[in-house]
Enquirer: 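Have a look at the structure that comes next, please.
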Amino acid sequence: MDNLPNCIPLCAKEPKTQEPICIFGTGDYGRSLGYKLLQCGHAVVYGSRNPQSSKFTPTGADVLSHFEAAQKASVIFLAIHREHYGFLNELTEVLSGKVLVDVSNNLKINQYPESNAKYLSSQVPQAKVVKAFNTISAWALQSGALDANRQVFVCGNDMKSKQTVMDIVRTLGLTPLDQGSLLAASEVENYPLQLFPMWKLPLLICAAFTILIFLYCTLTEVIYPRVETKEDTSYLIAISIPNRVFPIVSLILLALVYLPGILAAVLQLYRGTKYSRFPDWLDKWMLCRKQLGLVALAYAFLHAIYTLVMPIRYYVRWWSNSYISTQIKTNNTYPFLNYYAWLSDSYVALGILGFFFYVLLGITSLPSVSNAVNWREFRFVQSKLGYLTLVLCTAHTLVYGGDRFIYGPFYRWYLPPAFVLSLIIPCAVLAMKLIIIVPCLDTRITKIRQGWERKGKC
Amino acid sequence: MDNLPNCIPLCAKEPKTQEPICIFGTGDYGRSLGYKLLQCGHAVVYGSRNPQSSKFTPTGADVLSHFEAAQKASVIFLAIHREHYGFLNELTEVLSGKVLVDVSNNLKINQYPESNAKYLSSQVPQAKVVKAFNTISAWALQSGALDANRQVFVCGNDMKSKQTVMDIVRTLGLTPLDQGSLLAASEVENYPLQLFPMWKLPLLICAAFTILIFLYCTLTEVIYPRVETKEDTSYLIAISIPNRVFPIVSLILLALVYLPGILAAVLQLYRGTKYSRFPDWLDKWMLCRKQLGLVALAYAFLHAIYTLVMPIRYYVRWWSNSYISTQIKTNNTYPFLNYYAWLSDSYVALGILGFFFYVLLGITSLPSVSNAVNWREFRFVQSKLGYLTLVLCTAHTLVYGGDRFIYGPFYRWYLPPAFVLSLIIPCAVLAMKLIIIVPCLDTRITKIRQGWERKGKC
Amino acid sequence: MDNLPNCIPLCAKEPKTQEPICIFGTGDYGRSLGYKLLQCGHAVVYGSRNPQSSKFTPTGADVLSHFEAAQKASVIFLAIHREHYGFLNELTEVLSGKVLVDVSNNLKINQYPESNAKYLSSQVPQAKVVKAFNTISAWALQSGALDANRQVFVCGNDMKSKQTVMDIVRTLGLTPLDQGSLLAASEVENYPLQLFPMWKLPLLICAAFTILIFLYCTLTEVIYPRVETKEDTSYLIAISIPNRVFPIVSLILLALVYLPGILAAVLQLYRGTKYSRFPDWLDKWMLCRKQLGLVALAYAFLHAIYTLVMPIRYYVRWWSNSYISTQIKTNNTYPFLNYYAWLSDSYVALGILGFFFYVLLGITSLPSVSNAVNWREFRFVQSKLGYLTLVLCTAHTLVYGGDRFIYGPFYRWYLPPAFVLSLIIPCAVLAMKLIIIVPCLDTRITKIRQGWERKGKC
């Protein structure tokens, strides 16, 4: 219910508002949380080490000692660092049976052997510990995080107290997500610390290829003419060369999306079973296929636009003009060649269709879309359409190559044109795929994936 | 919480892990499930017909007879085919009061009169049957389906046992979705068998129109010149002709999205009530409007790109060059015509705006977006913006037509140019819409849709 | 489970279907709801003021007096207007302990001091009131709202009765969403009445700027030549002028997305605390940043396409042709200028990259995507990538400007070219941002946002 206003004020009559919600800790998070709770009609009482000294707490909330505050409430938020949980030992009897909400986060992933919530419940075994709110920053509470992530992951072993906390979450206009028992706490605590963990490897691979190809193209198209014919073609660096790098890297990445699947199949064929783990590198690779594909799509998108702006560029316009005028001056007109028309059109058409399916794949990998399709449909789209895309894009490059492959002048310093390099991996992948889907091998793989093992049951 | 690692290991101390989870059946699914459960810290015990003979079960799980295994656990997964549920009759007393999880799937939709889960509960009435996991393939369990659908639909009549199963689901790093009572089981069992059921009809319609228009264009633009003037224009097949087919079919499909709504209104006007069912074909048609629209959008997208690449094509470049050179040689310059400038620009502009709203409609039909808007907003976007799009695209085609409508040479073999055909349905739809929104009719329809009936209450 | 068929029929054997569901009110909504419930296998009984007179109720449901009907069922839907809740007072004893489902909506937002559901529970305190179904229109129930919003918000104070209602919702093939206690009712009732409340302000701002810039461009590019040199350039209104308006407004709006954040920082620096509310206008502004950004993206999208179609336009083709022919006739060829090649290419490249990140921002603001990232990742994308986009787009405009800034002829009637105006706000924003991220200030702001206050704790 994303577009509901930011919190649901409780009217004073409500019985449950009579009982205040207690917050231990008057630090930033404690205060922000207090503000929010008050703002949404809850009564709030703070528990503090030295109540009189703790100023700046929201007006309307009174500050007491931990003990007094705990007595007043049945739900207690712990807005203090894990390091200070120690003092709770003295409060065990007053806390027993009460709902302790652990909102703490750590500074780095898996900082401690067990989750803060788990540690807390070991400190105060009689209390019902619930993990929540750690995914919502103080800033988000303050400024009413409308357009940010409003999900609050809640987990705990006691069903009833979890419900209580989830209702409080809802009154703050946030969306509670039940994550099950307190065992999930460690995951929930790690969650807000991640920064696109799945994207690091794909982006790294992409960057490496990008730099490599860029240097290669600069060598053959800027440095070569500068050295050989002293002409300055540096202006190619702005668009022409990027527009070689993007498609080449995009095609390579797309191939890398489907390579691990094939390697896995080969490995299973060789081992004759699916019940032995893949090497780690292969697992990692397989898990980041989606991200690899999306990076490839981004590059394909850039390639598309870089290509479409060609006629607008001064460089292109100038050449076509001079081409025409020379043609007229020398008074020789080139005849229209059906062959060329076919070549250029079909290569463009292949590119467009490839890009189209590329985009389709991208759309289906949107969370909400992939959640709306079942496993069978997802497999169909990702493998069938995926390979179709790979075939189209490879064909696009091959046709583009046309007779350039053998045509001499393109080999500067005996270096093949860049697009030739881009074809190696895709063609290898497609070849291997062709071999694998040979009936006899295919049935074998299917059997293995259905649990059959080579030296079958005796 | 899509991007949480794949499963949440339970630490050995956990009391609940002491009690093992029982799996009946050592087949592929049983094994994959066992691996996953062990991997996530659960203890697993298998129940098998002949324990000693069943090898290849995951190490760490012991295999017992069905009876012994059932005794050890309170949650029992049935990883066996519905056909073999028979033997459970002998185990009724040991199974009574236990949670039986039915993970079975069928081979085709609605294979049996009642759902497998229902059948199971009729076999073992004393057990608490829960349907779950059938949407997760063994392969997905094995390879940790990170980027696939991780939703596990859970349904059952007993609230508590449903909760137990949902917590197990969470510990495996999957997302449980409560589907209510066991009555939902048949739907849940059909779900993973579907392959885009809603898309079949729209794609069929689209394919039919595509082939038809393609042949028509090939006839008038390739075969006609070949026959009449012996010239070879076959190269048009690569881009030029597809770029006629896409917009034409796209426009027709878009019109077909709004036609059923109008027919429904007419039908209701005629019947004077909304409480009588529409004919089946109309119902079917109305239900696949969204998919029709998305196919139309895909074609519009292709049309856009095919149009934008025009200046890059050899064919186009060659013609413009020869055009200029002839112009210079013959030394006659055509004056700049404001009229033409207006015509060409406004037709392009209409096309762009039409495409823009097309895309907007597509975005709002993304599950996550359409879930974030309420019914009123959804109606507004889909009907108001939808008709605006239809009007813009039709106008785009009309202006494109310009004076071609009457201009003779375009009628080859007395056939009208293809775009004329594309205008029939859209214009008809818009005309009917215009009639319907005439005040008197409009108010009548509104009244009917608010439940009023012609021979009103006596 | 969006793509499950529309409702899950209960088989007659089901015990729970024996007991009918009662509906008070035989109006449109009551009937539609009745049809749907019957269709999905529930038994239905209507409660009506004068049972014999109320025809047109679905066949299979019998109509009784309110009292009789209420006796037969434990779940009672109130399909009547809040104004008529009065008569329930006489039924208190028969209604006590039963589940009363309030489906009512109001005509305008916050029509009454308290929500209808609240009012109802005050009328019949002994009954368990549950708010539900108000987001589903009668029309949606009738025509099985497959491709519309199928979420049913459910809220109520009694857990058990809420569960009952949610199960009924599921049997109708709809998705229940627990909204917590009855306090949420007022929000739930307001929800279906909204029509893009968050979009009004952004669209207004956008419209204002659009008109302003459009008039300015028309003045300098259509009216000026008409007056000064009597030439008719009105055809520019179709594409050329819009293609000035779109980028200019887009850039301004993008800057306006980041301006409030800076103002807030300045304000906090000045106040030395974050615990005092921002002025209302700033709050409003901050809350509609996302929508502002999306409108800006839409305009950027239009700008991109309007630019790409340039070579196709008659106007452009004509000029380039005449340019070439004059060049040839006068027989003077302009040399190729590296400087110009660099300028034109780099300005195009900047534009493309800017647009690319624009689109990336748009994608991450899709609900399903922004829900899949945590707060830290969201902040990273929206602030880091956002500013990168702003920088790229501003640079794009600056390079486009090139030497036009000082080049006289462009100042018609002493008016600067329009793009100059577009640079004012973005440059201001970037300048302020640069000042704010000066280390000393930056650390100060960070401290403040972490809860530190200038005259710190005594």
Side-chain angles (χ1 to χ4, degrees), chain B residues 2-3 114 153 159 177 179-181 183-184 186-187 191 194 197-198 274-275 286-287 289-290 304 307-308 310-311 320 323-324 327-328 333 336 338 340-346 348-349 352 355-356 365-380 449-451 453 457-458, chain C residues 1-5 8 10-11 14 27-28 31 35 53 55-56 135-140 142-149 151 163 167 170-171 191-196 232 234-235 238-239 242 298 301-302 305-306 308-309 311-315 317-318 321-322 324-325 328 366-368 372:
Chain B
D2 270 27
N3 36 21
E114 88 275 72
F153 301 122
M159 209 62 194
L177 284 184
Q179 293 301 315
S181 75
L183 297 159
S186 53
E187 287 311 327
Y191 181 66
Q194 306 168 334
M198 304 304 301
K274 79 175 193 185
Y275 292 107
M286 287 185 120
L287 289 181
R289 278 180 295 182
K290 176 183 174 182
T307 309
L308 291 174
M310 258 164 50
S320 74
Y323 171 81
I324 297 167
Q327 191 174 351
I328 287 159
T333 53
F336 179 78
N338 261 313
Y340 270 127
W342 262 111
L343 201 68
S344 98
D345 275 13
S346 55
V348 171
I352 295 173
F355 181 63
F356 172 72
S365 65
L366 283 171
S368 64
V369 177
S370 58
N371 278 341
V373 302
N374 63 39
W375 180 254
R376 192 175 160 213
E377 294 165 331
F378 187 85
R379 288 294 302 280
F380 173 81
R449 292 202 170 153
Q450 287 165 353
E453 320 214 5
K457 305 203 170 186
C458 29
Chain C
M1 209 157 171
D2 271 27
N3 35 21
L4 274 197
I8 301 161
L10 311 172
C11 43
E14 268 317 294
D28 180 35
R31 277 191 255 173
Y35 272 102
S53 83
K55 303 200 171 35
F56 307 116
T135 52
I136 304 291
S137 70
W139 174 243
Q142 279 284 318
S143 63
L146 245 189
D147 55 359
N149 192 332
Q151 297 172 320
Q163 279 297 346
D167 276 346
R170 289 199 192 89
T171 57
Y191 181 65
L193 300 172
Q194 307 168 334
L195 187 61
F196 298 111
D232 176 7
S234 59
Y235 55 82
I239 289 190
F301 175 75
L302 285 170
I305 305 188
Y306 270 76
L308 291 174
V309 294
I312 301 171
R313 295 169 55 195
Y314 164 80
Y315 157 69
R317 291 205 314 273
W318 191 89
N321 289 359
S322 63
I324 297 167
S325 43
I328 287 159
L366 283 171
S368 64

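So that the names make sense, note that chain A is the first sequence line, chain B the second, and so on, each numbered from 1.
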Enquirer: Check this for me, if you would: do C:Arg31 and C:Asp28 make a salt bridge, where the nitrogen-to-carboxylate-oxygen distance has to be below 4.0 angstrom?
Expert: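 So C:Arg31 does not pair with C:Asp28 through a salt bridge.
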Enquirer: Not counting sequence neighbours, which residues clear side chain to side chain contact (heavy atoms under 4.5 Å, CB included) with B:Ile324? List them please.
Expert: A:Ile324, B:Ile328, C:Asn321, C:Ile324
Enquirer: Less than 4.5 Å to any heavy atom of chain B: does that hold for the side chain of C:Tyr315, its backbone, both, or neither?
Expert: both
Enquirer: Is the shortest side-chain heavy-atom distance between C:Tyr235 and B:Tyr340 below 4.5 Å?
Expert: no
Enquirer: With a 4.5 angstrom heavy-atom cut-off, which part of C:Tyr306 approaches chain B: side chain, backbone, both or neither?
Expert: both
Enquirer: Side chain, backbone, both or neither: which part of B:Ser368 has a non-hydrogen atom closer than 4.5 Å to chain C?
Expert: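 Looking at B:Ser368, backbone and side chain both touch chain C.
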Enquirer: Who among B:Thr307, B:Asn338, B:Leu366 has the most heavy-atom pairs with chain C under 4.5 Å?
Expert: B:Asn338
Enquirer: Give a yes or no on whether the backbone of B:Phe378 and the side-chain of B:Ser370 come within a donor-acceptor separation of less than 3.5 Å.
Expert: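 No, because the side chain of B:Ser370 does not come within donor-acceptor range (under 3.5 Å) of the backbone of B:Phe378.
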Enquirer: Residues in side chain to side chain contact (heavy atoms under 4.5 Å, CB included) with B:Val348, at least two apart?
Expert: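 Partners of B:Val348 under the side chain to side chain contact (heavy atoms under 4.5 Å, CB included) test: B:Ile352, C:Ile239, C:Val309.
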Enquirer: Please look at B:Phe336 and chain C and tell me whether the side chain, the backbone, both or neither of the residue comes under 4.5 angstrom of a heavy atom of that chain.
Expert: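 Contact with chain C involves both backbone and side-chain atoms of B:Phe336.
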Enquirer: Give, as side chain, backbone, both or neither, the part of C:Ser322 having an atom under 4.5 angstrom from any heavy atom of chain B.
Expert: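 The answer is neither part of C:Ser322.
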